[in-house]
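Reviewing the structure listed below.
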Amino acid sequence: MHHTPPGPPGPHPRLPSPLQRVEDDRFGRHGVELALKRDDLIHPDLPGNKYRKLVLNLRSAADTGHDTLLTFGGAYSNHLRATAAAGRLLGLATVGVVRGDELAGRPLNPSLARCAADGMRLHFVDRSTYRKKAEPATLAALLRETGCRDAYVIPEGGSNPLAVRGCTALGEELREHTDVAAVACGTGGTLAGLAAGLGPDRRALGIPVLRGGFLGEDIAALQRRTFGEPTANWRLDERFHWGGYARTPPELLAFAEDFEHRHGDATGLSVERLYVAKLLYALTVLSEEGAFRPGTRLTAVITGTPEPSE
């Protein structure tokens, strides 16, 4: 039986997260049953995959006596927001290394402003430094510059073996209820854990939201580091990034609004635009393409909530 690790103080996490069946003719006419795995409802401050990815890292930080968390993200990073909120809840200092030194002199966007309001100290770096952030010399320099040599370091997107282990619970919760579980991917940690938790007779599908074609190797490497070898039950479809991270063309926004219009009353779902909209669009296209056999129980993992507004 799976035991959920203790989380931050405040509202108790809602686990397992709700699973909602959705009636949608774009799936139904192909014999596909669509369900939404509402990880966005797990915790008001750490919604979605952020709770699952952070909870074991937070426990490790506490167990090793760290009082500061340092992590990385772009200007609209859900992970930075979640880490800042976790720091506030747990009384830990937080530092966010932000990609893009051109942002340093500008007013903070709503996402970074939320980080700052939760007490996160933001440290802006140029893009070439950011690309090398995992290299020991660059990381050591960043820890020096921020005055955080003793910080507990969590990688970009939170994706490390502890995060992957935290996400195996997602697969375990779905194992008896789905044939294919699909998730939007940034750094791949959620998919790596989801696939392992589902077990070999279920399939996991990842929809990358970034361009690049590198993610498959990253996910296999994460699984190797966490479990000793990659699982064989996942694949990626790289066609639905819409030009790259944070690219949300009008057609995608119209799709998200239409999905909310169709299903918002029944589910209460607000579609997060950077990840979840791309996932739901991809599944709609794949269903029309006949990618899922009639009778397939298909689950879309709703990993997050919309950005804070202006």
Side-chain angles (χ1 to χ4, degrees), residues 19-40 49 170-171 174-175 177-188 190-192 194-195 197-220 230-264 266-267 269 271-304:
L19 187 65
Q20 298 173 330
R21 283 283 307 280
V22 174
E23 298 294 335
D24 192 311
D25 63 331
R26 295 170 296 185
F27 296 87
R29 65 172 169 258
H30 301 287
V32 177
E33 295 180 13
L34 178 65
L36 308 179
K37 179 64 167 165
R38 296 296 303 274
D39 268 19
D40 57 315
N49 58 345
L170 170 60
L174 285 173
R175 188 183 292 168
H177 306 284
T178 196
D179 302 304
V180 180
V183 66
C185 301
T187 50
T190 304
L191 180 65
L194 167 64
L198 280 171
D201 56 343
R202 301 284 184 263
R203 288 187 294 140
L205 170 65
I207 305 297
V209 302
L210 293 85
R211 287 184 303 173
F214 53 82
L215 197 58
E217 292 175 17
D218 290 355
I219 293 165
T231 65
N233 63 335
W234 58 269
R235 71 178 185 89
L236 301 176
D237 192 320
E238 311 243 7
R239 295 178 291 160
F240 300 102
H241 53 67
W242 293 81
Y245 184 67
R247 300 284 171 86
T248 51
E251 186 186 349
L252 181 67
L253 297 178
F255 169 84
E257 287 174 21
D258 175 68
F259 197 93
E260 290 175 346
H261 179 72
R262 289 172 185 246
H263 303 300
T267 65
L269 176 68
V271 176
E272 187 273 334
R273 295 325 198 231
L274 305 187
Y275 288 84
V276 176
K278 293 180 179 182
L279 168 70
L280 294 171
Y281 180 89
L283 295 181
T284 304
V285 171
L286 285 163
S287 177
E288 297 285 6
E289 290 176 351
F292 309 113
R293 286 195 306 272
T296 295
R297 297 172 299 168
L298 173 65
T299 301
V301 180
I302 309 301
T303 47

Legend entry - Contact summary for Trp234 and Ala220, nearest pair of heavy atoms: CZ2-N, 3.9 Å
Legend entry - Under the side-chain hydrogen bond (donor to acceptor under 3.5 Å, both in side chains) test, residues paired with Thr187 that sit two or more places apart: Ser159
Legend entry - Candidate pair Leu174 and Leu194, rule side-chain contact (heavy atoms from CB on, under 4.5 Å), full reasoning: CA-CA 9 Å; Leu174 285 173; Leu194 167 64; 4.2 Å; yes
Inset, instruction - State whether Glu272 and Lys278 are salt-bridged, where the test is any N-O pair (Lys NZ or Arg NE/NH1/NH2 against Asp/Glu carboxylate O) under 4.0 Å. - result: no
Expected list for residues 31-40: side-chain donor-acceptor pairs under 3.5 angstrom, two or more places apart:
{"from": "Lys37", "atom 1": "NZ", "to": "Ser17", "atom 2": "O", "distance (Å)": "2.9"}
{"from": "Lys37", "atom 1": "NZ", "to": "Ser17", "atom 2": "OG", "distance (Å)": "3.1"}
{"from": "Lys37", "atom 1": "NZ", "to": "Glu173", "atom 2": "OE1", "distance (Å)": "2.8"}
{"from": "Arg38", "atom 1": "NE", "to": "Asp40", "atom 2": "OD1", "distance (Å)": "2.8"}
{"from": "Arg38", "atom 1": "NE", "to": "Asp40", "atom 2": "OD2", "distance (Å)": "3.3"}
{"from": "Arg38", "atom 1": "NH1", "to": "Gln20", "atom 2": "OE1", "distance (Å)": "2.9"}
{"from": "Arg38", "atom 1": "NH1", "to": "Thr267", "atom 2": "O", "distance (Å)": "2.9"}
{"from": "Arg38", "atom 1": "NH2", "to": "Asp40", "atom 2": "OD2", "distance (Å)": "2.9"}
{"from": "Asp39", "atom 1": "OD1", "to": "Ser17", "atom 2": "OG", "distance (Å)": "2.5"}
{"from": "Asp39", "atom 1": "OD1", "to": "Arg52", "atom 2": "NH2", "distance (Å)": "2.9"}
{"from": "Asp39", "atom 1": "OD2", "to": "Arg52", "atom 2": "NE", "distance (Å)": "2.7"}
{"from": "Asp39", "atom 1": "OD2", "to": "Arg52", "atom 2": "NH2", "distance (Å)": "3.4"}

Legend entry - Straight-line distance of Leu298 CG to Thr296 OG1, nearest 0.5 Å: 7.5 Å
Inset, instruction - Would you name the heavy atoms of Leu215 and Gly188 that are closest together and state the gap between them? - result: CD1-N, 4.1 Å
Inset, instruction - Measure from the side-chain N and O atoms of Asn233 to the backbone N and O of Ala195, and report whether any donor-acceptor pair falls under 3.5 Å. - result: yes
Legend entry - 4.5 Å side-chain heavy-atom contact, Leu198 and Leu170: no
Legend entry - Check: Leu210 and His241 side chains under 4.5 Å, non-hydrogen atoms: no
Legend entry - Heavy-atom closest pair, residues Ile207 and Ala282: CD1-CB, 3.8 Å
Legend entry - Set of side-chain hydrogen bond (donor to acceptor under 3.5 Å, both in side chains) partners for Glu217, sequence neighbours left out: none
Legend entry - Crowding at CD, Glu23 (>12 non-hydrogen neighbours, <6.0 Å): no
Legend entry - Side chains of Thr190 and Asn49, donor plus acceptor under 3.5 Å: yes
Inset, instruction - List the steps and the verdict of side-chain contact (heavy atoms from CB on, under 4.5 Å) for Val271 and Leu280. - result: CA-CA 9 Å; Val271 176; Leu280 294 171; 4.2 Å; yes
Legend entry - Partners meeting side-chain contact (heavy atoms from CB on, under 4.5 Å) with Arg262 (sequence neighbours left out): Asp24, Asp25, Arg26, Asp258
Legend entry - Backbone of Thr284 reached by a side-chain donor or acceptor of Ser287 within 3.5 Å: no
For a quick test of your reading: what N or O donor-acceptor pairs under 3.5 Å do the side chains of residues 178-186 make, sequence neighbours left out?
{"from": "Thr178", "atom 1": "OG1", "to": "Val180", "atom 2": "O", "distance (Å)": "3.0"}
{"from": "Thr178", "atom 1": "OG1", "to": "Arg297", "atom 2": "O", "distance (Å)": "3.0"}
{"from": "Thr178", "atom 1": "OG1", "to": "Thr299", "atom 2": "OG1", "distance (Å)": "2.8"}
{"from": "Asp179", "atom 1": "OD1", "to": "Arg297", "atom 2": "NH2", "distance (Å)": "3.2"}
{"from": "Asp179", "atom 1": "OD2", "to": "Arg297", "atom 2": "N", "distance (Å)": "2.8"}
{"from": "Asp179", "atom 1": "OD2", "to": "Arg297", "atom 2": "NE", "distance (Å)": "3.3"}

Inset, instruction - Verify side-chain contact (heavy atoms from CB on, under 4.5 Å) between Phe240 and Leu279, making sure each step is shown before the conclusion. - result: CA-CA 8 Å; Phe240 300 102; Leu279 168 70; over 6 Å; no
Inset, instruction - Would you please name every residue forming a ring-ring contact (aromatic ring centres under 6.0 Å, His included) with His30, sequence neighbours left out? - result: none
Legend entry - Val209 vs Trp242, side-chain contact (heavy atoms from CB on, under 4.5 Å): CA-CA, chis, key distance, verdict: CA-CA 8 Å; Val209 302; Trp242 293 81; over 6 Å; no
Inset, instruction - Determine whether more than 12 heavy atoms belonging to other residues, nucleotides or ligands lie under 6.0 Å from atom CZ of Arg239. - result: yes
Legend entry - Close side-chain approach of Leu286 to Leu205, heavy-atom, < 4.5 Å: yes
Legend entry - Nearest heavy atoms of Leu269 and Phe259, plus distance in Å: CD2-CE2, 3.9 Å
